[in-house]
Trainee: 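Let me give you the structure first, and then I'll get to my questions.
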Amino acid sequence: MKEGLIKRISRIISASANAVVDSVENATPQLVMEQAIREIDDAIADVRDQLGKAEAAKYLSSKTLNDENSRHATLSAQIEVAVQEGRDDLAEAAIAKQMDIEAQIPVLEKAIAETDQEINELNSYIGALQGKKREMREQLREFIKASEHVSNGPAGEQQGNSRATADKVDQATGAFNRILEQAGVPTSESSADASKLAELEELARGNRIKERLAKIKSQTEA
């Protein structure tokens with residue numbers, strides 16, 4: 001994977017919401033956090049692109065390895081026939097070809113193993129980015145709630161300031177929902193099917209969390 005993409009992912013994962021907001025002057029926190037979420041989506045898309053290339057490379061290497069193994073087996077059968085017919089010249093030619101194949105097989109196996117490692121690494125990056133996105137979304141929701149609380153503050157506050165704050169909250173909420181929809185995450189305006197898929201995803205994630213907890217408990221008891 002490209003070094004620049006690795007650095008980019010590491011920067012995204014290590015950044016906190018507060019640090020992201022503080023790094024940009026003269027910008028509302030909502031807009032900054034929304035931009036951070038968009039950047040996470042872009043990074044996930046880039047990693048998925050790399051993952052597709054790695055999986056294609058693994059497929060080609062695996063296919064070549066299977067083909068070479070089949071050729072090796074076919075040559076073995078041909079060698080037996082050549083020996084039975086007393087054609088040592090043909091047997092030697094087939095053996096030479098087998099030796100060439102045997103020299104290539106370890107290289108192909110190594111390429112497949114390295115690609116497997118890259119695929120696992122890319123999948124782990126996608127998982128980490130998705131986790132960071134969930135964290136940023138939750139922090140943005142909390143900020144929006146806090147802003148709504150301010151907009152509904154004491155009656156003595158100036159009406160103009162309250163209205164301006166409420167307008168910013170509405171804008172942030174609308175933009176945030178659009179971001180979620182573009183990323184395939186259901187919002188309150190999403191279809192029933194999309195909501196069910198989101199619920200199913202959260203259910204599956206909850207089950208994985210419970211399975212990990214059960215494993216930790218079993219290891220502790222042991």
Side-chain angles (χ1 to χ4, degrees), residues 5-49 51 122-214 216:
L5 182 56
I6 295 176
K7 290 182 178 179
R8 179 183 172 195
I9 294 171
S10 299
R11 175 177 58 79
I12 291 173
I13 297 300
S14 61
S16 66
N18 291 334
V20 172
V21 172
D22 293 341
S23 65
V24 182
E25 297 180 356
N26 301 323
T28 62
Q30 295 101 317
L31 297 178
V32 176
M33 294 171 72
E34 288 160 9
Q35 178 59 40
I37 292 173
R38 283 195 293 271
E39 184 175 357
I40 294 174
D41 286 332
D42 291 342
I44 290 175
D46 290 341
V47 177
R48 289 194 186 281
D49 180 62
L51 179 60
L122 290 168
N123 279 320
S124 69
Y125 279 128
I126 291 174
L129 287 167
Q130 289 174 335
K132 189 65 177 182
K133 181 179 176 180
R134 284 191 292 269
E135 176 186 322
M136 293 294 292
R137 279 164 40 195
E138 181 60 29
Q139 289 170 333
L140 180 54
R141 289 191 186 99
E142 291 176 356
F143 188 89
I144 291 174
K145 287 181 180 179
S147 298
E148 290 174 343
H149 178 73
V150 171
S151 67
N152 296 325
E157 293 181 357
Q158 294 182 0
Q159 186 68 24
N161 290 338
S162 297
R163 184 65 263 168
T165 302
D167 289 341
K168 289 182 179 180
V169 171
D170 291 339
Q171 292 172 3
T173 302
F176 184 59
N177 285 339
R178 287 193 297 274
I179 293 168
L180 296 184
E181 289 171 358
Q182 291 171 2
V185 180
T187 64
S188 58
E189 297 178 355
S190 300
S191 66
D193 289 341
S195 298
K196 290 179 180 178
L197 289 175
E199 184 179 355
L200 181 60
E201 180 182 353
E202 288 301 319
L203 180 62
R205 184 167 179 266
N207 286 335
R208 292 196 298 270
I209 293 172
K210 291 178 181 178
E211 288 174 359
R212 182 176 298 188
L213 177 59
I216 293 172

Trainee: Check salt bridge (charged side-chain N to carboxylate O under 4.0 Å, His left out) between Asp49 and all other residues, then give those that pass, not counting sequence neighbours.
Mentor: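 So Asp49 forms a salt bridge (charged side-chain N to carboxylate O under 4.0 Å, His left out) with Lys53.
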Trainee: Once rounded to the nearest 0.5 Å, what's the spacing between atom CZ of Arg48 and atom CG of Asn123?
Mentor: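 With rounding to 0.5 Å, CZ (Arg48) is 8.5 Å from CG (Asn123).
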Trainee: Under a 4.5 Å cut-off applied to non-hydrogen side-chain atoms, are Leu129 and Lys133 in contact?
Mentor: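 Contact flag for Leu129/Lys133 side chains = no.
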Trainee: Once rounded to the nearest 0.5 Å, what's the spacing between atom CD of Gln130 and atom CZ of Arg134?
Mentor: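 Nearest 0.5 Å value for the CD-CZ distance: 6.5 Å.
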Trainee: To the nearest 0.5 Å, tell me how far Lys132 NZ sits from Ile44 CD1.
Mentor: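 Between Lys132 NZ and Ile44 CD1, I get 12.5 Å after rounding to 0.5 Å.
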